[in-house]
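Data block below; observations after.
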Amino acid sequence: MTETVLLVGGGGREHAIARALVEDCTLFNCAGNRNPGIAALAEEVEVLDTTNPQAVSSCAREIDATLAVIGPEAPLAAGIADALDDAGIYAFGPREAGARIETDKAYQRRFLDEHGIPGNPEFETFDDTERACEYIDDHGSDLAVKPAGLTGGKGVKVIGDQLTAAAAKEYLRGSDYDRVAGPQARLRGRRGAEYGRHG
Amino acid sequence: MGSYSDASPALPFMTDNEYNEAVSIVEATAKALEGYKGVLYGQFMLTASGPKIVEFNARFGDPEAMNTLPVLETPLIDVLVAAREGNRLPDLEVAPQATVCKYAVPEGYPDDPASGTAIEIDPESAGDVLVFYASVDGRDDGIYTTASRAVAVVGIADSISEAEEVVDDALSVADDGLRVRHDIGKPDLVQARIDHMAELRDD
């Protein structure tokens with residue numbers, strides 16, 4: 001039986017997912033934008049708000065999807081996988097609670113700590129921005145800071161590389177987030193790839 | 001702005017042991033996450049005392065999905081169906097090839113991006129690369145930039161430097177109004193990473 005797959009999201013990543021799937025299934029796409037690369041592969045593209053659970057699950061029902069793949073993090077944070085699962089359409093992507101491993105950095109560090117996962121750097125989380133700033137004052141320059149929550153890949157700032165300790169405090173004070181994850185001990189080393197983590 | 005993968009699972013600046021250590025961290029985390037489904041993507045920084053967790057993501061990386069999916073030989077649909085059915089996931093077959101992915105972004109991105117630039121790929125090189133679109137505006141006469149990341153070009157070859165060359169050739173005509181990190185995946189940059197890690201291990 002041929003699977004009917006709804007792919008959620010319209011970026012480069014989803015274009016790559018579409019390419020990997022298109023030969024082996026009937027592919028539909030819903031996204032906030034019409035990606036011409038995906039449009040060339042999919043049966044149809046429906047432009048909708050991918051963080052609206054009802055809109056995505058209605059779309060999946062209309063096309064009789066047997067599977068859904070969720071590309072970006074924002075729909076996961078909005079419970080799109082929960083809505084699809086509840087509609088009887090298996091979503092390849094965690095439910096909102098599972099996605100917290102990404103969407104809530106303070107939870108992420110605590111989770112890794114509680115389960116004794118190796119490779120978790122020292123960290124502190126703060127509910128009070130001023131306490132975070134005091135921590136920066138006390139612990140010098142080998143720190144990275146991040147406001148809690150999804151920041152579109154632009155949240156982490158490394159003191160020394162990207163900004164001074166004073167600028168880090170300004171950054172945290174100026175953030176619209178209620179909580180601050182980190183500062184984390186800065187690691188001396190090399191990241192696994194050269195990314196520009198830009199939106 | 002870009003990412004690369006090697007023909008072997010480890011990257012040039014890490015040992016196989018360090019790579020395996022990172023894999024075991026991802027596996028331990030996946031096991032601890034009860035009822036989790038979908039992709040778990042571990043992002044690491046390699047240090048003198050092994051890989052350390054930068055963060056976990058609950059989905060494929062962007063751009064990294066554009067490196068990994070094109071060399072995945074196991075049909076992705078088989079993975080999805082096995083996950084849905086609760087069956088054992090297929091062992092993933094990955095082609096032993098290197099990949100380089102570079103994003104072209106509008107001039108001025110991300111602070112003051114200039115939109116409306118026509119996106120061109122050198123036609124002579126276009127056959128050698130994969131082109132993935134991100135946020136672009138498809139018009140009747142072509143494809144134009146918006147204020148966000150526009151297009152990613154992926155080269156697949158036997159080595160990182162060969163993959164980098166085909167990507168840079170394809171993007172050679174795309175520079176007007178677009179910005180590309182030409183250094184990503186170039187031999188001297190990769191060597192600088194290898195040297196940096198060697199220096200840290202010696203400290």
Side-chain angles (χ1 to χ4, degrees), chain A residues 3 5 10-17 19-21 23-25 33-39 66-67 69-73 76 81 90-95 97-103 105 108 111-112 115-121 154 156 187-196 198-199, chain B residues 1-4 11 13 25 28-29 32-33 35-38 40 43-48 50-66 69-70 72 75-77 80-81 83-84 103 105 109-110 131-136 138 143 148-149 152 181 184 193 196-197 200:
Chain A
E3 301 286 341
V5 179
R13 164 184 47 210
E14 289 74 34
H15 188 182
I17 295 171
R19 181 181 174 275
L21 286 173
E23 297 288 314
D24 305 313
C25 71
N33 59 301
R34 190 180 167 81
N35 180 316
I38 299 174
T66 56
L67 267 171
V69 184
I70 302 170
E73 59 275 26
L76 296 171
Y90 178 84
F92 189 72
R95 296 170 71 92
R100 273 185 87 198
I101 194 70
E102 165 162 8
T103 58
K105 300 305 178 199
Q108 173 182 102
F111 180 90
L112 296 171
H115 289 84
I117 306 291
N120 191 22
K154 298 169 193 166
V156 178
L187 305 165
R188 291 187 71 223
R190 189 43 53 205
R191 252 166 103 153
E194 299 295 328
Y195 331 107
H198 297 301
Chain B
M1 301 283 296
S3 47
Y4 54 80
L11 287 163
F13 50 82
I25 293 170
T29 306
L33 284 164
Y36 187 89
K37 59 197 171 79
L40 181 67
Q43 214 182 102
F44 296 92
M45 180 176 280
L46 183 58
T47 72
K52 302 291 175 192
I53 300 163
V54 173
E55 64 174 346
F56 277 99
N57 292 328
R59 33 80 196 177
F60 281 119
D62 187 344
E64 296 84 348
M66 294 181 281
L69 290 173
L72 177 67
L76 182 60
I77 192 75
L80 305 185
V81 169
R84 182 187 64 197
Y103 253 120
V105 301
Y109 177 88
V131 176
F132 294 114
Y133 289 107
S135 289
V136 292
I143 290 174
S148 190
R149 293 192 294 193
R181 279 273 305 271
I184 292 171
R193 302 302 178 236
H196 183 209
M197 268 325 296
L200 290 174

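If you're wondering where the values come from, they're calculated on a predicted model, not measured in any experiment. All values below were derived from every heavy atom in this structure, side-chain atoms included, with hydrogens, water molecules and symmetry-related copies excluded.
The most heavy-atom pairs under 4.5 Å with chain B, out of R19(A), H115(A), E14(A), come from R19(A). Listed options P118(A), G37(A), P94(A), G98(A) were ranked by heavy-atom pairs under 4.5 angstrom with chain B; first place goes to P94(A). Heavy-atom pairs under 4.5 Å with chain B were tallied for P36(A), A91(A), G11(A), G93(A); the largest tally goes to G93(A).
In this view, A83(B) and Y90(A), F92(A), L89(B) satisfy the side chain to side chain contact (heavy atoms under 4.5 Å, CB included) rule, not counting sequence neighbours. Scored by the salt bridge (charged side-chain N to carboxylate O under 4.0 Å, His left out) test, R84(B) finds E3(A) as partners (sequence neighbours excluded).
Between K105(A) and E55(B), the shortest heavy-atom distance links the atoms NZ-OE1, 2.5 Å.
Heavy atoms of A28(B) lying under 4.5 Å from chain A belong to its backbone as well as its side chain. Of the atoms belonging to I101(A), heavy atoms from both backbone and side chain fall under 4.5 Å from chain B. In this structure, chain A has no heavy atom under 4.5 Å from any part of V105(B). Of the two parts of Y36(B), only the side chain, counted from C-beta on, holds a non-hydrogen atom closer than 4.5 Å to a non-hydrogen atom of chain A. There is no contact between L72(B) and chain A, counting heavy-atom distances below 4.5 Å. In this structure, the portion of I143(B) lying under 4.5 Å from any heavy atom of chain A is its side chain and not its backbone. With a threshold of 4.5 angstrom between heavy atoms, P70(B) approaches chain A through its backbone and through its side chain. Proximity to chain B involves both the backbone and the side chain of I17(A), based on heavy atoms less than 4.5 angstrom apart.
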side-chain hydrogen bond (donor to acceptor under 3.5 Å, both in side chains) between Y103(B) and D62(B), worked out: CA-CA 10 Å; Y103(B) 253 120; D62(B) 187 344; 2.8 Å; yes
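A donor-acceptor pair under 3.5 Å is absent between the side-chain atoms of N33(A) and the main chain of S135(B), judged by distance alone. At distances below 3.5 Å, at least one donor-acceptor pair connects side-chain atoms of E102(A) with backbone N or O atoms of A58(B).
Between H15(A) and F132(B), the two ring planes are perpendicular [angle over 60°; tilted spans 30° to 60°].
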